[in-house]
Number of protein chains: 2
Amino acid sequence: MAYQEIFSALADPTRRQIFEHLRDQPKTVGELAKGQTVSRPAVSQHLRVLQDAHLVSVQPQGNRRLYSIKREGLKELRDYLDCFWSDAFSAYRAEIAKVMDEKGKE
Amino acid sequence: MAYQEIFSALADPTRRQIFEHLRDQPKTVGELAKGQTVSRPAVSQHLRVLQDAHLVSVQPQGNRRLYSIKREGLKELRDYLDCFWSDAFSAYRAEIAKVMDEKGKE
DNA sequence: TTTCTTGGTAAGCCATAACTTACCGTAAGT
DNA sequence: ACTTACGGTAAGTTATGGCTTACCAAGAAA
């Protein structure tokens, strides 16, 4: 359904780098821009795209905005990939994934 | 490493549709083009990109070329996604995936 | 209340990528 | 041998998307 946005969001190398930087911990726009060669507005625009793809989320904290990874988009992507394993293991995999998602929420 | 090619290969909607059409069974270029609104050369070009991303493979059969899905690229992508589940379940997931790949090869 | 920081948005530029038509090589069919 | 089917490649066009600078709004700090 929303594969389009997710795939194209992660297709850009700069955007993927930003996304990866969020893997360790939530960061502000300024922090993210510091690790990038592109300008801060560019980072803002990338974050917008990632947000639309449900790959990151924000919480404003006074002056700044703290971005963090949101696994929702990733989960969708994983489900998409899974349906290319057409054998019985696909279902098995899906089940495992489901269980782990539950755990992951804690 | 080669995430770039894989992500951008699947980011294009037409290309993804072609890829999905191969899910059921291997097909020739003509067959794939028939299900598409774009021209046959366009399909050829898309297949080239998918091939570079290790998402499809070809075997020539006389006059025609039979394209089929190659899970190598998908596997790489899945591994990439897995490393965003940073908890202990990531390792577990990876193990499961490995086992299932082995099984899948049969 | 100024001033500085933080960050989103607008406008415009430019490179890339997806498409087209035209062409060519090769294998089958007649 | 000729013709038709199949499909890859070249060249050119156009739209999209990633970048920049400039600008603006809102919260801290002075």
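A note on names: the letters A, B, ... follow the listed sequences, proteins ahead of strands, and every chain is numbered from 1.
No side-chain heavy atom of B:K34 sits under 4.5 Å from any side-chain heavy atom of B:R40. In this structure the side chain of B:Q36 reaches within 4.5 angstrom of the side chain of B:Q17, judged on heavy atoms. Inter-residue side-chain proximity for A:L22 and A:L55 is flagged as unmet; no heavy-atom pair is nearer than 4.5 Å.
Between the NE2 atom of A:H46 and the P atom of D:dG18 there is a distance of 6 Å, rounded to whole Å. The CG-P distance, from B:D52 to D:dG8, rounds to 13 Å in whole Å. Distance CD1 (B:I18) to C1' (D:dG8): 14 Å, rounded to an integer number of Å. The nearest whole Å value for the distance from the CD atom in A:Q36 to the P atom in D:dG18 is 14 Å. For the pair B:Q4 CD and D:dG18 C1', the computed distance is 13 Å after rounding to whole Å. For the pair A:Q17 CD and D:dG18 C1', the computed distance is 15 Å after rounding to whole Å. C:dT6 atom C1' lies 7 Å from atom CZ of A:R40, rounded to whole Å. Summarising the geometry, the separation between CG on A:L66 and C1' on C:dG7 is reported as 13 Å, rounded to the nearest angstrom.
For the pair A:R64 and C:dT6, the criterion of a side-chain N or O lying under 4.0 Å from OP1 or OP2 is met. In this structure, B:Y67 reaches the D:dG8 phosphate: one of its side-chain N or O atoms is under 4.0 Å from OP1 or OP2. Not one side-chain nitrogen or oxygen of A:S44 sits closer than 4.0 Å to the OP1 or OP2 atom of C:dG7. Phosphate contact (OP1/OP2 of C:dT20, side-chain N/O of B:S39, threshold under 4.0 Å): present. For the OP1/OP2 pair of C:dC19 and a distance below 4.0 Å, the side-chain nitrogens and oxygens of B:T14 include at least one atom meeting the criterion.
Within 3.5 Å, no donor on the side chain of A:Q61 pairs with an acceptor on the base of C:dT6, nor the reverse. The base of D:dG7 lies outside donor-acceptor range of the side chain of B:R48, with no N or O pair under 3.5 Å. Side-chain to base pairing of B:R65 with D:dG7: no donor and acceptor N or O lie closer than 3.5 Å to each other.
Listed nucleotides D:dT9, C:dT20, C:dT5 differ in distance to B:Q45; the shortest reach to its side chain belongs to C:dT20. Minimum atom distance to the side chain of A:N63 is reached by C:dT6, of the listed C:dT6, C:dC19, D:dT20.
By the criterion of side-chain heavy atoms lying less than 4.5 angstrom apart, applied directly or through intervening Ile, Leu, Val, Met, Phe, Trp or Tyr residues, B:L81 is grouped together with B:L10 in one hydrophobic cluster.
A:R15 comes within contact range of the sugar-phosphate backbone alone, with a heavy-atom separation under 4.0 Å but no base atom that close. Across all strands, B:T28 comes closer than 4.0 Å only to sugar-phosphate atoms, never to a base (heavy-atom distances).
A residue-by-residue look at A:P41 and B:D12 shows that A:P41 has its nearest nucleotide of DNA chain C further toward the 5' end.
Ring-plane geometry between A:Y80 and A:Y3 is classed as tilted, the angle between the planes lying from 30 to 60 degrees on a 0 to 90 degree scale.
No donor-acceptor contact under 3.5 angstrom links the side chains of A:E31 and A:Y67, judged on distance only.
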